[in-house]
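In what follows, a single structure is set out as structure tokens and then discussed.
Reckoned from all heavy atoms, side chains included, excluding hydrogens, waters and symmetry mates. Convention: sequence-line order gives letters A, B, ...; per-chain numbering from 1.
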Protein chains: 2
Amino acid sequence: MAEIPERLVTKPSFLITQLAVHARRIVSDGFAEAGARGYHYRILAALDEFGPASQIDLGRRGGVDRSDVVAAVNELTAQGYVERTPDPDDRRRNVVSLTKAGARQLRRMDQVLDAVQDNLLAPLDSDERATLTALLTRLLAHSRDLPDGPQQ
Amino acid sequence: MAEIPERLVTKPSFLITQLAVHARRIVSDGFAEAGARGYHYRILAALDEFGPASQIDLGRRGGVDRSDVVAAVNELTAQGYVERTPDPDDRRRNVVSLTKAGARQLRRMDQVLDAVQDNLLAPLDSDERATLTALLTRLLAHSRDLPDGPQQ
DNA sequence: CTCTTTTCATTGGTCGCACCAACGTTGGCT
DNA sequence: AGCCAACGTTGGTGCGACCAATGAAAAGAG
């Protein structure tokens, strides 16, 4: 029982959004144990890979709206994972930088995510995983160079 | 510019959730023009394929929480797309059934979704689309028989 | 045939993500 | 000097996905 209508199950858009629900659930369960959420990871990752940045750049790199960056940076600051200082060269900006504790938190979150990938992709062998990743990457790239939506 | 951190772009969980954002956006843009949203489609689809049902069954089939079914059926009733009548055989239940206008609305929404699939999958040829669908279907099935989450 | 447990609809919340508009300050451009 | 664009911030919105609690009704246990 609980049969899912054909109409839904045959639509890639449905498969993707439903699988995303599952992915989001296990990711945020893991993150919650570390006292974090998705936006935090995106910001920490951007800081780690590109160095200190303004909030607007952090938002662009992680696909986070600038108003949401404000809230996330507030939270990360309160937890001691990032520091926010005024930019002396441009007083409209803040410079956000990663602390040592922030780098450790990022490593913790990376471990959570590694476990999540294994859980999520369990039924696939490594060739299939590569195929899936390649297909998704192409689709995501395509979606990004459409002016079809805000994409923030 | 706006380079995305490696950490994100290599994680299938990120690819899936981000692609889902895009899918959701174009779907709900299309549905909005028809005065509808995602839950409405799931309920109309379940009614069309399995016939009149109680609200709890509608929720199970479409993966919608029963409290959300209440709201969606309220809206669909107000629009004249479904009818809600008490079940004479079990007075705890309502029987929800599709009206003719509801069937027409479902057809409209199907057209929206067909266009969405083409948009979403534009970069893939038909073999690749089939491969993707098969992989996603397997992953979704796997996620469903885990007691790892509420799954509704 | 009671008593208890389960089921269903409904109400009224919560949370995360993805947005949007508006405002004040600051920088750049001319 | 004047104007426009950029940045941070506040304060919203909508959707999807949940959760807890309540009252009514059915089902099961004894």
Looking only at side-chain N and O atoms, does A:Tyr81 offer a donor or acceptor that is under 3.5 Å from a partner on A:Lys100?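 No, no side-chain donor-acceptor pair sits under 3.5 Å.
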Could you verify whether a donor N or O on one side chain and an acceptor N or O on the other, from A:Gln55 and A:Arg84, lie under 3.5 Å apart?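 Yes - a donor-acceptor pair under 3.5 Å links their side chains.
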Take atom [atom1] of [X] and atom [atom2] of [N], then tell me their distance rounded to the nearest Å.
X	N	atom1	atom2	value
A:Ile43	C:dC17	CD1	C1'	13 Å
A:Tyr41	C:dC17	OH	P	14 Å
B:Leu58	C:dT10	CG	C1'	15 Å
B:Asp65	C:dA9	CG	P	12 Å
A:Ile26	D:dC18	CD1	P	13 Å
B:His22	D:dC15	NE2	P	19 Å
A:Ile56	D:dT9	CD1	C1'	11 Å
A:Asn74	D:dG8	CG	P	12 Å

With a cut-off of less than 4.0 Å, is there a side-chain N or O of [X] near OP1 or OP2 of [N]?
X	N	value
A:Arg37	C:dC17	yes
B:Arg66	C:dT10	no
A:Gln55	D:dT9	yes

On DNA chain C, compare the nucleotides closest to B:Val70 and A:Ser28; which residue's is nearer the 5' end?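 Nearest-nucleotide comparison on DNA chain C picks B:Val70.
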Which one, C:dT10, C:dA18, D:dG8, comes nearest to the side chain of A:Arg42?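 Closest nucleotide to the A:Arg42 side chain: C:dA18.
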Search all heavy atoms of B:Leu124 against all heavy atoms of B:Arg129 and return the closest pair with its distance.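 Result for this residue pair: O-NE, 3.0 Å.
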Identify the two heavy atoms, one from A:Ala53 and one from A:Leu47, that lie closest to each other, and give their separation to 0.1 Å.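 Taking A:Ala53 first and A:Leu47 second, the nearest heavy atoms are N-CD2, 4.0 Å.
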Determine, step by step, whether A:Glu49 and B:Glu3 satisfy the side-chain contact (heavy atoms from CB on, under 4.5 Å) criterion, reporting the C-alpha distance in whole Å, the side-chain angles of both residues, the deciding distance to 0.1 Å, and the verdict. CA-CA 10 Å; A:Glu49 292 191 25; B:Glu3 302 185 59; over 6 Å; no
N/O donor-acceptor pair, side chain B:Ser67 with base C:dG12, under 3.5 angstrom: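 Check passes, donor-acceptor contact within cut-off.
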Sub-4.0 Å heavy-atom contacts from residues 88-97 of chain B onto DNA chain D, ordered by number: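 When residues 88-97 of chain B is checked for heavy atoms under 4.0 Å from DNA chain D, the hits, listed by number, are B:Asp90, B:Arg91, B:Arg92.
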Of A:Ser54 and A:Gln18, the one whose closest DNA chain D nucleotide lies more 5':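 Whichever sits nearer the 5' end wins; that is A:Ser54.
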By side-chain hydrogen bond (donor to acceptor under 3.5 Å, both in side chains), which residues pair with A:Gln105, not counting sequence neighbours?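 A:Arg108.
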Counterpart residues, salt bridge (Lys or Arg N to Asp or Glu O under 4.0 Å), relative to A:Asp89 (two or more places apart):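 Listed in chain order: nothing, the list is empty.
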